[in-house]
Every structure is written in C-alpha cells, then in structure tokens.
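Report on the structure given below.
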Amino acid sequence: MKKLFLLWVLCTPVWAQNTIQPKYTYTLPNKWEAWTLAPGGILLVGHSKGFTAIEAHNNQLLYDYTALGKIKLNEMDLIEGLPWVVLKNAAVGKMPSYVVLDYFTGKPVFESQKQDWTGPAGYYFVTDEAKLVIWGANNKLKSTGCIGIYDLGLNKELALIDLKDKKLTGGGLPTSMVVEDDRFIMTTTKSVAVVNLRTNAIEWFTTKLNNSNGTLKYLFDEANQVVYAYSPFLKAKIYKINAKDGSMMWSKPISLDGAVKRIEIIKEGLWVYAEEEKSFEVNLFDPGTAQKLWKKPYSDKGGIREFIFQPEGVVFGTSTGEVNTLLHNGTLKLTKNIDVGAPYRIFALNPDGSLFYLTFNKMGIVNLKDGGFVKEPAKFRKVEQMITGFDKQNDRFVVSTGNELFFITRDGTIKKVCDIAFKGDENPSKIEFRQSGILLSSNQNAMLVDYDGNVKYNVFYKAPGTSIAGKILAGAVMAASVTAGAANAAKAGMMQGATPFYAEDEEKRAASNAKSFMGVAGSAASAMNQRFSATTATKNNLYIQTSLDEGVGLVRLNKDTGKPDGEIVTKDKKPEYLVDEDFGVFYFLKSDNTIIGYDLRQ
C-alpha cells in the first residue's frame with residue numbers, strides 16, 4: 001500500500017509547499033546573450049552591447065562594461081585561480097581585442113589595444129605571480145609575431161619580444177606553446193624559443209629542429225637539464241636538447257615512421273611509443289647516443305590505451321582489449337596477450353600486482369604472472385549507460401550499468417546492490433558520495449542507497465513536456481554549481497569515465513582557492529578571499545523541473561531524505577537558468593533583458 005501511495009505522489013503535480021518567491025529583479029541594459037557563474041558568488045552576463053555582473057544577494061548590477069560591444073559565451077574566459085575574466089572580441093571588421101577584467105569591479109587590469117596589440121592570438125597566465133603572457137601582432141614593434149609579458153598586479157610591462165627577430169628567436173610565426181616549469185616554450189614555423197618566466201627574457205632558441213608544421217611536444221628530465229622535443233605526427237623525429245642553452249645533444253635526431261604519442265624517461269633508457277594508421281610500435285633508446293637498445297621494437301595492431309609503468313616493465317591495455325606486460329628488455333612477460341575486452345572504465349593494479357579491470361560490460365582480475373584470471377570475469381547484463389565511482393570510505397568501486405547497481409572490491413568480489421528503475425527513459429548520469437549514502441541522479445530521477453546497500457528513497461518527477469536534458473548543467477544533482485570540482489578518483493583507483501563527487505573535496509577546493517588569492521594584490525583578491533573563506537560546500541538540494549500547482553517550475557528536494565522542501569514557479573517549459581549552490585541563489589531568465597533571482601537559503 002505504501003508503494004502505491006508513493007507512486008501516486010510522484011506521478012502527479014507537486015502540491016504547493018514553501019513556494020520560494022522571487023527576491024531580486026535585474027534589468028539588463030540590452031538583450032541577454034550568455035551567462036556563466038564565477039567563483040565568489042558572481043554571475044557574469046554578456047549582452048548585445050556589453051558585459052555586466054550580478055553579485056549574489058545584491059539587487060543591483062555591479063557595472064556595465066561596453067568597450068568591446070556584444071559578448072557571447074565563447075568570448076568569456078574565466079582564469080582559474082584569479083578573480084579575472086578575459087573578454088575577447090574578434091568580430092569581422094573590428095580589430096581583435098583582449099581585455100582582462102576584474103569581474104568584481106568591472107575595471108580592466110589589461111587592455112590589449114592600449115598596449116598596441118593589433119592582433120593578439122593567444123595568452124597564458126602565470127597564476128602565482130599574476131603574470132600575463134600574450135602573443136600575436138604588436139604595433140609597437142611593427143611585427144606580426146611578438147610575445148609580451150605583463151605584471152597585472154603592478155600594471156607593468158615586463159618584456160616585449162619580437163619573435164621574427166632572427167638574432168633573438170630565430171624568426172618565424174608562433175604556432176604553438178607550452179609551459180614547463182618556469183619556461184614558456186614557443187614553437188614557431190622556423191624555430192623554438194624559450195622564455196624564462198622568472199627573468200622575463202629569452203633563455204635560448206634553436207632553428208635546428210624540423211618543425212615546419214609548427215607543432216612540437218616537450219619532455220624535461222627531473223633535473224630540468226635536458227629537454228626532449230618530438231612531433232606528434234607521422235615521420236616523427238625526437239631531439240635531445242640542452243635545457244640551459246638550447247644546444248643539440250645528439251649528432252642527429254631519432255627518426256620514426258609513426259607519430260610519437262608518448263615518451264618516458266626510465267632507468268633503462270628513453271621509452272618511446274608511436275602510432276601509425278593501424279598499428280603501434282614501442283622502442284627503447286640510449287639517451288646518451290640515441291641508439292636503439294632492443295633488437296627489434298615491439299609492435300602490434302591497434303594502439304595502446306592504458307599504461308602503468310612498473311620496475312620490471314609496462315603493464316598495458318590495447319585498443320583491441322588485450323593486456324600484457326612489456327618488459328624493459330623489449331619482450332613480453334606473457335607469451336600470449338590476455339583478452340579482456342575494451343574500452344576500459346577502470347584499469348588499476350592491486351597491491352599484489354594483479355590487474356583489476358572494468359570494461360563497458362564486464363569486470364575481472366588478471367594474474368599478470370601466469371595470464372590466468374584470479375576470478376572468472378563477471379559479465380553485466382544489458383548495459384544502458386555505465387558510470388563509475390570510488391567509495392573511499394569502504395575502499396570499493398561503485399558501478400551503475402543504468403539498470404543495476406554494484407559494489408565491487410579490489411579482490412574481485414562483486415555484489416549486486418539493487419535494480420535501478422529510473423523512469424522517463426533516463427539512466428543515472430551522476431554519482432555523489434554523501435554521509436547519508438550514495439546518490440544516483442539524472443534530470444528527473446534521484447535515488448539514495450546507504451553504504452549497506454539499502455535503498456533509502458527513489459523519486460521521479462515527470463518533465464513538463466519535452467525533457468530538458470542538458471539544461472540543468474551536470475544533471476539534477478549539481479545544476480550549475482560554480483565550484484563543482486571532481487574528486488581525485490585517479491588516486492583512489494585510477495578511475496576513468498564519470499568521476500564521483502565528494503562534499504569534503506569541495507570544502508578543500510574552497511579553502512585552496514581562498515589561499516591562492518592571498519598573494520594577489522587588489523580589491524578583487526580581497527573580496528575573493530572573504531567569499532571563499534565564508535563558503536561552505538553544503539549542496540544539500542536537488543532541483544528538478546516538473547509541473548507544480550501554479551504551473552511549470554522546479555521542485556527542490558533534500559538529497560538526504562528525497563523529500564521536497566520547496567518549489568520555484570517559472571511557468572516556462574524550457575527555462576534558461578543557473579543555480580549558484582555555494583551562495584544559495586537561483587537565477588532565471590524571465591525575458592530577453594530581465595533576470596529574476598531567488599534566495600535559496602529560505
């Protein structure tokens with residue numbers, strides 16, 4: 001009887017209860033174009049003639065920045081670890097322009113046009129020093145290929161370098177760049193130039209690399225004395241370079257038929273993995289002479305998708321689903337590869353050296369010493385949508401196949417916890433680990449299972465008409481929480497696929513962000529410090545769109561009980577909205593130029 005009553009409640013409109021009334025009304029200067037949430041309780045809004053911002057629980061727009069005109073979502077770039085947003089304008093007929101804006105105050109901390117950048121092409125931030133590295137065309141040097149370095153805290157130009165100056169850089173146009181340690185490595189069509197980000201000067205350059213396509217990747221040794229440069233394209237070459245002065249350390253580079261996808265510096269030598277169109281090759285080279293150390297390379301069809309480096313060799317998993325260990329002498333540990341299937345969702349070594357794997361339809365543990373299975377692989381029945389998480393509290397994996405939930409321990413013990421019967425043609429899309437249990441959710445469904453495997457609740461709210469999958473960012477659980485950081489599941493169990501969410505990781509992230517702003521000068525940094533220090537990652541509610549007594553809206557559910565404790569009426573079947581769960585605000589786009597704010601703390 002209780003079961004029938006629950007079904008009746010969840011399949012009918014939600015009766016009125018604690019209707020959360022609009023509290024804030026924001027009238028935009030012009031037509032809404034895009035929005036995004038920024039750390040610190042700020043909603044950034046692009047409109048047809050500029051850019052504005054809304055502060056959580058403040059009824060006024062903070063500012064209106066119009067210097068660049070219309071701002072779209074792909075023209076806003078939040079800088080992680082800094083209270084700034086880069087606004088970009090590259091409209092046809094207009095001079096390309098970058099503006100770094102303090103998003104708390106609306107004041108520019110850098111404007112490319114005022115620094116004579118007529119064609120900025122890219123940028124990089126050195127977060128801990130509040131430095132900006134920018135490259136492109138600069139009118140001051142009358143060059144189309146320049147690098148500029150700026151201290152944004154002091155509003156000071158530190159360096160301006162012409163990449164086309166052959167005496168300084170070897171010439172060429174910039175095509176790609178990477179940052180390694182304190183070095184900014186710029187690859188041009190003719191050279192590789194290295195800028196020291198501490199001294200703000202060219203450290204060295206070389207024109208002796210075959211980089212006509214303008215793309216190279218780099219690997220430094222642990223002491224930062226040597227750098228290996230290589231091409232990710234077919235007919236690749238690998239160069240060994242003195243990281244201090246740019247001189248070549250081999251008489252000639254290593255030449256390969258394939259494209260280099262990975263190189264590693266190991267005790268035995270330089271380990272190189274390269275791919276051709278339908279096959280791969282692994283070889284080991286002497287880092288002193290560049291000579292091959294194996295009689296012949298190891299090669300096979302397909303490619304390698306998983307690598308675990310061990311003292312005796314590399315445990316690998318191929319794209320065709322085969323597993324083995326490639327010893328550092330170039331031979332396989334097992335005479336025959338073990339067929340486990342692919343693609344891999346989990347690929348991890350147990351403490352005893354056995355390999356725990358999970359593919360899209362089966363799980364098993366392989367004995368890498370003899371090639372046998374510690375336990376026969378367990379096959380899952382029809383898998384509709386697999387997501388995985390790692391239960392740190394109980395040191396086990398949690399797997400949802402879309403219709404079943406499993407607990408799997410590292411020794412291969414698998415326990416079916418329960419069936420999953422999400423309605424509305426949905427499957428779980430997110431796993432969240434809470435003190436009360438494991439929360440599975442999708443846009444219209446939520447289910448909580450305690451750590452003993454007991455189902456605490458299972459709720460479904462019918463979508464009003466067409467499902468709005470994707471409208472609630474990251475599913476019903478997170479909506480659009482600005483600091484929804486992923487837990488480090490790789491360390492927990494070398495996880496792939498859906499990453500679990502832990503509330504304690506959110507708290508650590510907030511504390512880390514607060515600490516990172518301590519060294520940044522300015523009023524924005526001060527405001528950011530205060531906001532992150534005050535933030536507590538409670539995140540105790542789900543918001544699901546459904547039909548309410550007063551029309552279409554969202555029901556607010558308590559994640560730990562599954563019970564509704566509030567509702568927001570929008571009367572819009574396809575609403576545009578964002579939820580700042582850190583600061584407790586629901587933003588709803590009521591019209592082209594009107595945003596309504598709801599206080600979710602009530």
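Small disclaimer: the values here were computed from a predicted structure and weren't measured. The first residue in the sequence is number 1, and the count goes up from there. Worth knowing before you read on, the calculation uses all heavy atoms, side chains too, and leaves out hydrogens, waters and symmetry mates.
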List in chain and number order the residues that pass side chain to side chain contact (heavy atoms under 4.5 Å, CB included) with [X], two or more places apart in sequence or in another chain; answer none if no residue qualifies.
{"X": "P297", "answer": "E281, N283"}
{"X": "K261", "answer": "A259, Y273, E275"}
{"X": "A274", "answer": "L256"}
{"X": "N74", "answer": "K72"}

Is a side-chain donor or acceptor of [X] paired with a backbone partner of [Y] at a separation under 3.5 angstrom?
{"X": "S319", "Y": "G303", "value": "yes"}
{"X": "N350", "Y": "D352", "value": "no"}
{"X": "R345", "Y": "M386", "value": "yes"}
{"X": "D221", "Y": "Q225", "value": "yes"}
{"X": "N394", "Y": "R396", "value": "no"}
{"X": "S191", "Y": "A193", "value": "no"}
{"X": "N196", "Y": "T199", "value": "yes"}
{"X": "H328", "Y": "Q310", "value": "yes"}
{"X": "S143", "Y": "C146", "value": "no"}
{"X": "T169", "Y": "D165", "value": "yes"}

Between [atom1] of [X] and [atom2] of [Y], what distance do you get to the nearest 0.5 Å?
{"X": "T318", "Y": "N337", "atom1": "OG1", "atom2": "CG", "value": "7.0 Å"}
{"X": "N329", "Y": "K295", "atom1": "CG", "atom2": "NZ", "value": "10.5 Å"}
{"X": "L440", "Y": "K430", "atom1": "CG", "atom2": "NZ", "value": "11.5 Å"}
{"X": "I365", "Y": "L355", "atom1": "CD1", "atom2": "CG", "value": "9.0 Å"}

Check your understanding: Think R410 forms a cation-pi with F356, using NZ or CZ under 6.0 Å from the six-ring centre and within 45 degrees of its axis?
Key -> no
Point to revise | Set of salt bridge (Lys or Arg N to Asp or Glu O under 4.0 Å) partners for K131, sequence neighbours left out | key: E129
Between [X] and [Y], does at least one N-O distance fall below 4.0 Å, as a salt bridge requires?
{"X": "E276", "Y": "K278", "answer": "no"}
{"X": "E203", "Y": "K244", "answer": "no"}
{"X": "E264", "Y": "R262", "answer": "yes"}

Any luck finding a side-chain donor-acceptor pair between [X] and [Y] under 3.5 Å?
{"X": "K235", "Y": "S255", "result": "no"}
{"X": "E157", "Y": "Y150", "result": "yes"}
{"X": "K301", "Y": "S279", "result": "no"}
{"X": "E384", "Y": "N427", "result": "yes"}

Decide yes or no for [X] and [Y]: does some side-chain heavy atom of the first lie under 4.5 Å from some side-chain heavy atom of the second?
{"X": "L73", "Y": "T36", "value": "yes"}
{"X": "E268", "Y": "L284", "value": "yes"}
{"X": "N403", "Y": "F422", "value": "no"}

**Study point:** Nearest atoms (heavy-atom pairs only) where I241 meets W204
**Key:** CG2-CH2, 3.7 Å
Review point. If you take all heavy atoms of D370 and L334, which pair is closest and at what distance?
Key: C-CD2, 3.8 Å
Exercise for review: Report the relative orientation of the aromatic rings in F309 and W271; use parallel for angles under 30°, tilted for 30 to 60°, perpendicular for over 60°.
Suggested key: perpendicular
Review point. What is the ring orientation for Y298 with F316, classed by angle as parallel under 30°, tilted 30 to 60°, or perpendicular over 60°?
Key: tilted
Exercise for review: I would like to know whether S112 and Y123 meet side chain to side chain donor-acceptor pair (under 3.5 Å); could you show each step before the answer?
Suggested key: CA-CA 11 Å; S112 64; Y123 53 86; over 6 Å; no
Practice item. Let me see the working for F397 and F407 under ring pair (Phe, Tyr, Trp, His ring centres under 6.0 Å), right down to the final yes or no. Key: CA-CA 6 Å; F397 299 102; F407 291 161; over 10 Å; no
Exercise for review: Not counting sequence neighbours, which residues clear ring-ring contact (aromatic ring centres under 6.0 Å, His included) with F406? List them please.
Suggested key: F380
Review point. side-chain contact (heavy atoms from CB on, under 4.5 Å) between V178 and K217: does it pass, once the steps are laid out?
Key: CA-CA 8 Å; V178 296; K217 293 188 176 182; over 6 Å; no
Check your understanding: Looking at W135 versus F184, is the centre-to-centre ring distance below 6.0 Å?
Key -> yes
Check your understanding: Using the benzene-type ring in the case of Trp, are the ring centres of F285 and W294 under 6.0 Å apart?
Key -> no
